[in-house]
Amino acid sequence: MTKRCFSGVIWALAWILALSPAGYAAGLYAEEAALQVGDTVTVHYAADSPVERVGAITLYLSYDASVLQTESIQTQTDSLLAGDGDISCMAADDAESGTITGSWTETDCAMTLKEGTELMSVTFRVTGPIQESQISSRIILKGMAADDSFGNDDLGAQERSVLVLTGAGIVQETDAGSVEGDQTSVSGALAEKEASASWFLPVVVLMLAGIAGAAAWFMVKRKNSDNV
């Protein structure tokens, strides 16, 4: 009985974490860290929605070159093909404009994006004091929207995303709407996200406490019935 109850608690916790906002990463994301001069931070980009029959992907990452310097760029291709195919991939960094461009092409439109499919990771070195610096993404997808397509259809846009980096250790992701907005909209989106996340931990604690209490009650009831 004890093992069954314990297993139930573990499974419940796993489901809660899987259904939580942290269950999968999409768009731009990075580990939270206090960023000082000389530190490095690795930023990842992953697809936020599924798209099939993709023939060309162009990803733009914009960063503040006055405080960030690109150390390395890694692109992913293995997870884009379910079967045979040959993907051509390249990435370039324009340090003057602070723009990294990645491109993926496949002649048969056989690439597939799934939620959380990572396309690129970039390691930056902090070269100057960061008060508040942004890294933003924009992606263009081309391919076959229909069976009789020539493979150059616009397959729709993934959500734009922004990372706001500060020296206080905040690395937050905002929604697409704040990418082209002013600083007020960015700060507002961050405040909304922090507020929406503030309830999550207390709810998890209460749910786990309820599960543990129920398990204990069943154990006591079972023990009393055995003693009768």
Side-chain angles (χ1 to χ4, degrees), residues 14-33 41-64 73-82 85 87 89-91 98-106 109-124 133-145 151-165 170-181 185-200:
W15 274 106
I16 290 169
L17 294 177
L19 295 173
S20 72
Y24 87 99
L28 289 172
Y29 63 96
E31 290 186 5
E32 202 169 304
V41 58
T42 299
V43 175
H44 304 266
Y45 180 87
D48 59 50
S49 59
V51 184
E52 296 181 343
R53 299 197 292 186
V54 181
I57 304 169
T58 306
L59 172 64
Y60 300 97
L61 298 186
S62 299
Y63 63 95
D64 184 355
I73 303 172
Q74 299 291 328
T75 55
Q76 307 294 332
T77 59
D78 293 343
S79 57
L80 293 175
L81 283 176
I87 298 177
C89 178
M90 63 176 295
T99 303
I100 296 171
T101 304
S103 64
W104 295 255
T105 55
E106 201 279 326
C109 295
M111 291 188 292
T112 299
L113 289 178
K114 300 177 181 177
E115 289 181 339
T117 298
E118 182 171 318
L119 292 175
M120 179 183 289
S121 63
V122 181
T123 298
F124 295 99
S133 180
Q134 296 182 17
I135 301 174
S136 62
S137 68
R138 181 168 65 93
I139 189 169
I140 298 172
L141 303 175
K142 299 286 186 177
M144 297 179 64
N152 195 38
D153 298 328
D154 186 353
L155 299 182
Q158 304 272 301
E159 289 186 357
R160 298 188 183 188
S161 58
V162 173
L163 283 181
V164 179
L165 283 64
I170 300 174
V171 179
Q172 294 284 349
E173 187 177 358
T174 69
D175 291 332
S178 63
V179 173
E180 297 179 341
S185 66
V186 173
S187 301
L190 288 177
E192 273 186 31
K193 178 160 284 193
E194 290 173 358
S196 64
S198 63
W199 58 266
F200 177 67

K.L.:
Do L81 and D78 touch side chain to side chain, with heavy atoms closer than 4.5 Å?
P.N.:
no

K.L.:
Start with the C-alpha gap between V41 and L165, add the side-chain angles, then the distance that decides, and say whether side chain to side chain contact (heavy atoms under 4.5 Å, CB included) holds.
P.N.:
CA-CA 10 Å; V41 58; L165 283 64; 4.1 Å; yes

K.L.:
Which atoms form the tightest heavy-atom contact between H44 and S121, and what is the distance?
P.N.:
ND1-CB, 3.4 Å

K.L.:
Considering only heavy atoms from C-beta outward, does the side chain of E115 approach that of D48 to under 4.5 Å?
P.N.:
no

K.L.:
Just so I know, are the side chains of K142 and N152 near enough to count as touching, which here means a heavy-atom distance under 4.5 Å?
P.N.:
yes

K.L.:
Would you say that L59 contacts I140 through its side chain, given a criterion of any heavy-atom pair below 4.5 Å between the two side chains?
P.N.:
no

K.L.:
Y45 and side chain to side chain contact (heavy atoms under 4.5 Å, CB included): which single residue from I100, T117, L163, I139 fits?
P.N.:
I139

K.L.:
Are Q158 and S49 close enough that a side-chain donor and a side-chain acceptor fall under 3.5 Å?
P.N.:
yes

K.L.:
Rounded to the nearest 0.5 Å, what's the gap from CE on M90 to OG1 on T105? Could you check?
P.N.:
10.0 Å

K.L.:
Work out which heavy atom in E106 is nearest to a heavy atom in I87; give both atom names and the distance.
P.N.:
CG-CG1, 4.0 Å

K.L.:
Return the minimal non-hydrogen interatomic distance between G143 and C109, and the atom names on each side.
P.N.:
CA-SG, 4.0 Å

K.L.:
Could you check whether any side-chain heavy atom of L28 comes within less than 4.5 Å of a side-chain heavy atom of V43, counting everything from C-beta outward?
P.N.:
yes

K.L.:
Might you point out which heavy atoms bring R53 and L155 nearest each other, and give the distance in Å?
P.N.:
O-CD1, 3.7 Å

K.L.:
Cut-off 3.5 Å, side chains only: do Y29 and E118 have a donor facing an acceptor?
P.N.:
yes

K.L.:
Side chains of T123 and T42: any donor to acceptor distance under 3.5 Å?
P.N.:
yes

K.L.:
Rounded to the nearest 0.5 Å, what separates atom CD in E52 from atom OG1 in T112?
P.N.:
5.5 Å

K.L.:
How long is the straight-line distance from OH of Y63 back to CD1 of I135, given to the nearest 0.5 Å?
P.N.:
9.5 Å

K.L.:
For the residue pair L113 and L80, establish whether any side-chain heavy-atom pair is separated by less than 4.5 Å.
P.N.:
yes

K.L.:
Supply the atom-to-atom distance I57 CD1 to S103 OG, rounded to the nearest 0.5 angstrom.
P.N.:
9.5 Å

K.L.:
What's the shortest heavy-atom distance between T75 and A91, and which atoms?
P.N.:
CG2-CB, 4.0 Å

K.L.:
Would a distance-only check, ignoring hydrogens and angles, find a side-chain to backbone donor-acceptor pair under 3.5 Å from D154 to G156?
P.N.:
yes

K.L.:
Does any non-hydrogen side-chain atom of D64 lie less than 4.5 Å from one of Q134?
P.N.:
no

K.L.:
Does W104 reach the side chain of T58, with side-chain heavy atoms less than 4.5 Å apart?
P.N.:
no

K.L.:
Report yes or no: do S161 and S137 form a side-chain donor-acceptor pair below 3.5 Å?
P.N.:
yes

